[in-house]
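Report on the structure given below.
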Amino acid sequence: MSFILAIDQGTTSARALVYDAALNVLASAQEELPQIYPADGWVEHDAEVIWSLVQSTVKSALDKAGKTPSDIAAIGITNQRETVVLWDRETGKPVGHAIVWQDRRTAETCRKLKADGAEPMVQEQTGLLLDPYFSGSKLAWMLDQDRGLRTRASKGELAFGTIDSFLIYRLTGGKRHVTDASNACRTLLFDIGTQDWSDDLLKLFNIPSALLPEVLDCADDFGTTDPSVFGASVPILGCAGDQHAATIGQACFAPGMVKATYGTGLFAVLNTGSERIQSKNRLLTTLAYRLDGKPTYALEGSVFIAGAAVQWLRDGLKLIESAPQVNDLANRGVRGAITLVPAFVGLGAPYWDPDARGAIYGITRDTGPEDFAHAVLESVAFQTRDLLDAMARDWPEGERSVLRVDGGMTQSDLTLQLLADILDAPVERPNDLETTVKGAAYLAGLKAGLCPDLETFASTWQKDAEFTPHLDEETRQFHMDRWHDAVKRTLTTT
Ligand SMILES: Nc1ncnc2c1ncn2[C@@H]1O[C@H](COP(=O)(O)OP(=O)(O)O)[C@@H](O)[C@H]1O
Ligand SMILES: O=P(O)(O)OC[C@H](O)CO
């Protein structure tokens, strides 16, 4: 009974991993999650499909590990954040598709609220901005589709949750409607100062409080699985949004430590400890995590497209057959031959322009597939530099450590070399690239008493590779200037 099951329900896939108490991986399973694009800028998921993928990946990971649910001491969950599910409490059935974090359909609502002067209050309470990225306006949109829904919501017949909350509801057979503070703080409805749902924000979005889950710590008692699900009652003891789980998995526990995760998007999180820094440079103030009721704050830069641009080369342009092939192709390209602004679903931090769309500058008759591939990898480096520069301006007195990176795209050495070159700073890749899911496993193991304290866990972090900069300052500045010029031309706002 000393094994941990960790579930990572990400944007593009569901994963389940079985760990021993020393957090060695025994087995893993992964299945791709179909994306639904009903209109330009709209992105949805079928929550029933998510539920079935979670069940099948858990079963397959347990089978591969040669374990049964009764061998599992604790479950940890991590998930794509902000994505909204609305379901019937009685049946547990979603009332429609989940609206995904990338979805821009509520851009107009956010624009209007901003024009009405609501943003300073929103930023003060949530640390976030009025952008369609976050859950609040998406949930309001769902409730606006059918008058009956808001009435049912007020009567307590419906439940709202991010993916973690929906999964826990299902796993516990509808007994627990809970979430953790890291997921709650991304909804645009949660006050990160009081650590509670905000009446002002519920009023702003016209959201009945009867919809909301109870908010727990990241290592807490989230309930036990109903025996009808896996055939055993297993405690769920850890839960965190994926970027928060990655911050934990990367052991970024000290103020000044910073990690960047390169999956579908790119998310850089700087631990600011007990200091809640209000960004003046269009970053987000968020929770790194909350343990023992104590919030640890962070500054976050959220960029919507990183690895997704590699998928675009594969699925859209069909220049490569698989993501890893991007490296060979990009290696034949030339630095700065063309500049890609990957605003496929608008631009996130630090620009926040939901209406911008992708653009490529500098195409000539010589431009080839290799230049597209190179530009995709470089765009990730430029976007990271923008985030780290904004962090430095927001927290000049903070000592920042070396950037720790993880996520699918960091398998690419070329990406990390370009990153170090553009940042003019070293970049460290850990041995274990699955830091997100490891963070969720650690939280569950910590609460179960299987895993050691934070400091001891941090001492187990191991470096696989370090990438150091090899670019002179003049060239670096030349390329950054070109990037900023390209972004300026792409923005729809000034
Ligand atoms: N070897 C590689 N080189 C560059 N990009 C890669 C490589 N392998 C995977 N990717 C990209 O990484 C992303 C998947 O990373 P992952 O961390 O699993 O994402 P998510 O959690 O967002 O679903 C995909 O967008 C894919 O294009
Ligand atoms: O599932 P990922 O890794 O693309 O992460 C999604 C983020 O949580 C969105 O904020």
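Just so you know, ligand 1 is whichever comes first in the structure, and atom 1 is the first atom listed for that ligand. These figures come from a predicted structure and were not determined experimentally. Both backbone and side-chain heavy atoms feed into the values below; hydrogens, waters and symmetry mates do not. Start at 1 with the first residue, then count along the sequence.
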Which ligand 1 atoms are under 4.0 Å away from a heavy-atom of [X]?
X	result
A308	25 (O)
Q411	1 (N), 8 (N)
S412	3 (N), 4 (C)

For the side chain of [X] and the backbone of [Y], is there at least one donor-acceptor N/O pair under 3.5 Å apart?
X	Y	answer
K463	E428	no
T179	N183	no
N271	F253	yes
D220	F222	no
S198	L201	yes

Test of understanding: given a 4.0 Å heavy-atom threshold, classify the contact between T264 and ligand 1 as side chain, backbone, both, or neither.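 Answer for T264: both.
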Is the contact between N327 and ligand 1 made by the side chain, the backbone, both, or neither, using heavy atoms and a 4.0 Å cut-off?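 Under 4.0 Å from ligand 1, N327 contributes side-chain atoms alone.
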Contact check, R15 vs ligand 1, heavy-atom distance below 4.0 Å: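 Flag set, R15 near ligand 1.
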Applying a strict 4.0 Å limit to heavy atoms, is G10 in contact with ligand 1?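 No; G10 lies far enough from ligand 1 that no heavy-atom distance drops under 4.0 Å.
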Among protein heavy atoms, which sits nearest to [atom], and what does the distance come to when rounded to 0.1 Å?
atom	answer
atom 5 (N) of ligand 1	M409 CG, 3.4 Å
atom 4 (O) of ligand 2	T11 OG1, 2.7 Å
atom 9 (C) of ligand 2	E82 OE1, 3.3 Å
atom 6 (C) of ligand 2	D242 OD2, 3.4 Å

Would you mind running through ligand 2 and noting each atom that sits below 4.0 Å from a heavy atom of G10?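 The atoms of ligand 2 under 4.0 Å from a heavy atom of G10 are 1 (O).
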Mark up the atoms of ligand 2 that fall under 4.0 Å of a heavy atom belonging to Y133, in ascending order.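 Those qualifying, in numeric order: 9 (C), 10 (O).
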Looking at F304, Y262, W101, which hits ring pair (Phe, Tyr, Trp, His ring centres under 6.0 Å) with F267?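 In the set F304, Y262, W101, the residue that makes a ring pair (Phe, Tyr, Trp, His ring centres under 6.0 Å) with F267 is W101.
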Answer with yes or no whether the side chains of Y133 and R104 bring together a donor and an acceptor at under 3.5 Å.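 Per modelled atom types, R104 and Y133 side chains form no pair under 3.5 Å.
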Sub-6.0 Å ring centroid separation between W42 and H97: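 No, too far apart.
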So, 4.0 Å and heavy atoms of G263: is ligand 2 close enough to count as a contact?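 The answer is no: ligand 2 sits nowhere under 4.0 Å from a heavy atom of G263.
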From the candidates T12, T436, D406, the one that places a heavy atom nearest atom 23 (O) of ligand 1: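 Minimum heavy-atom distance to atom 23 (O) of ligand 1 goes to T12.
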